[in-house]
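The structure under discussion appears below in the form of structure tokens.
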Amino acid sequence: MTDVATTATHLPHALPDCPNARIALFAMRRMGANGLADARASHALFTAFGQGFKRPLVLMRSFMADLASAASGTIAIAPCCCARTTSAEAALLTILARVETAPGAARLLMTDLLGVRQVEGVLASAAVLAAAFADDGRPITG
């Protein structure tokens with residue numbers, strides 16, 4: 001298999017156009033790879049949100065912890081340097097973008113992603129994280 005075919009298979013989606021979704025993706029990738037206390041994820045949120053960074057940071061940590069504890073399998077997260085996203089990352093960003101406006105679609109995506117039926121807790125984490133971004137004027141759009 002060629003490198004291009006492998007990349008297209010494992011990273012089938014382009015990075016989001018929304019800069020707020022890119023911030024969320026960066027934080028998810030850093031925390032997914034290096035743990036919830038990753039300093040670069042914290043710095044990225046501090047840079048984006050200024051002094052109001054604590055709310056999105058704590059909620060991102062909670063969201064990532066909820067995802068990890070609820071998932072029946074692994075959730076594929078690419079390294080931060082990748083210019084494309086995995087299907088799981090694209091689904092997570094779509095969930096964050098739609099959790100308030102299309103909760104039914106967000107629930108179905110979350111159910112597929114986690115492989116479990118009871119996703120209400122994780123979906124609530126996604127909703128408050130998306131609200132934290134939106135409340136600071138940084139809505140995640142998809």
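Predicted model only: the values in this text are computed from it and were never measured. Each residue takes its place number in the sequence, starting with 1.
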Query raised in the report: So, does Arg84 use its side chain to make a donor-acceptor pair with the main chain of Leu11 at under 3.5 Å?
Result: yes

Query - For Phe53 against Ser42, the heavy-atom pair lying closest together - result: CD1-O, 4.4 Å

Query - Contact summary for Ser125 and Ser62, nearest pair of heavy atoms - result: OG-O, 4.4 Å

Report task. State whether the side chain of Arg138 and the backbone N or O of Phe49 hold a donor-acceptor pair below 3.5 Å, judged by distance alone. Result -> no

Query - Between CG on residue Asp112 and CG on residue Leu108, distance to nearest 0.5 Å - result: 7.0 Å

Requested in this report: Check whether any side-chain heavy atom of Leu92 sits under 4.5 Å from a side-chain heavy atom of Leu67, and report yes or no.
Outcome: yes

Requested in this report: Identify the heavy atoms of Leu93 and Ala21 that sit nearest to each other, and give their distance.
Outcome: CD2-O, 3.6 Å

Query raised in the report: Mind checking whether Phe26 and Leu45 sit in one hydrophobic cluster, side chains of I, L, V, M, F, W, Y counted as touching below 4.5 Å?
Result: no

Query raised in the report: Would you say Leu36 and Val128 are hydrophobically clustered, going by side-chain heavy atoms of ILVMFWY under 4.5 Å?
Result: yes

Query raised in the report: Which distance, rounded to the nearest 0.5 Å, do you find between the CG of Leu15 and the CZ of Arg22?
Result: 4.5 Å

**Report entry** Residue pair Ile95 / Ala106: nearest heavy atoms and the distance that separates them
**Finding:** CG1-O, 3.9 Å

**Report entry** Leu123 with Val58, same ILVMFWY side-chain cluster at under 4.5 Å
**Finding:** no

Sequence neighbours excluded and cut-off under 3.5 Å, please list the side-chain donor-acceptor pairs for residues 69-78, or say none.
from	atom 1	to	atom 2	distance (Å)
Ser69	OG	Ala65	O	3.2
Ser69	OG	Asp66	O	3.2
Ser72	OG	Leu114	O	2.9

Report summary line: dist Glu120:CD -> Met110:CE (nearest 0.5 Å) comes out at 10.5 Å

Report summary line: Shortest non-hydrogen pair, Asn20 vs Phe133, comes out as O-CE2, 3.7 Å

Query raised in the report: Would one find more than 12 heavy atoms of other residues, nucleotides or ligands at under 6.0 Å from atom CZ of Arg61?
Result: yes

Report task. State, with a plain yes or no, whether a side-chain heavy atom of Leu59 is found less than 4.5 Å away from one of Lys54. Result -> no

Query raised in the report: Checking Arg29 side chain against Pro79 main chain: does a donor-acceptor pair fall under 3.5 Å?
Result: yes

Query raised in the report: Ion pair present between Asp136 and Arg55, side-chain N to carboxylate O less than 4.0 angstrom?
Result: no

Query raised in the report: Are Glu89 and His13 close enough, and set up right, to give a side chain to side chain contact (heavy atoms under 4.5 Å, CB included), and what steps lead you there?
Result: CA-CA 9 Å; Glu89 291 171 332; His13 303 278; over 6 Å; no

Query raised in the report: Which heavy-atom pair separates Asn34 from Asp38 by the least distance, and what is that distance?
Result: CB-OD1, 3.3 Å

Query raised in the report: Atom CE of Met64 and atom CG of Leu129: how far apart are they, to the nearest 0.5 Å?
Result: 10.0 Å

**Report entry** Pairwise side-chain contact, Val119 with Val116, heavy-atom cut-off 4.5 Å (strictly under)
**Finding:** yes

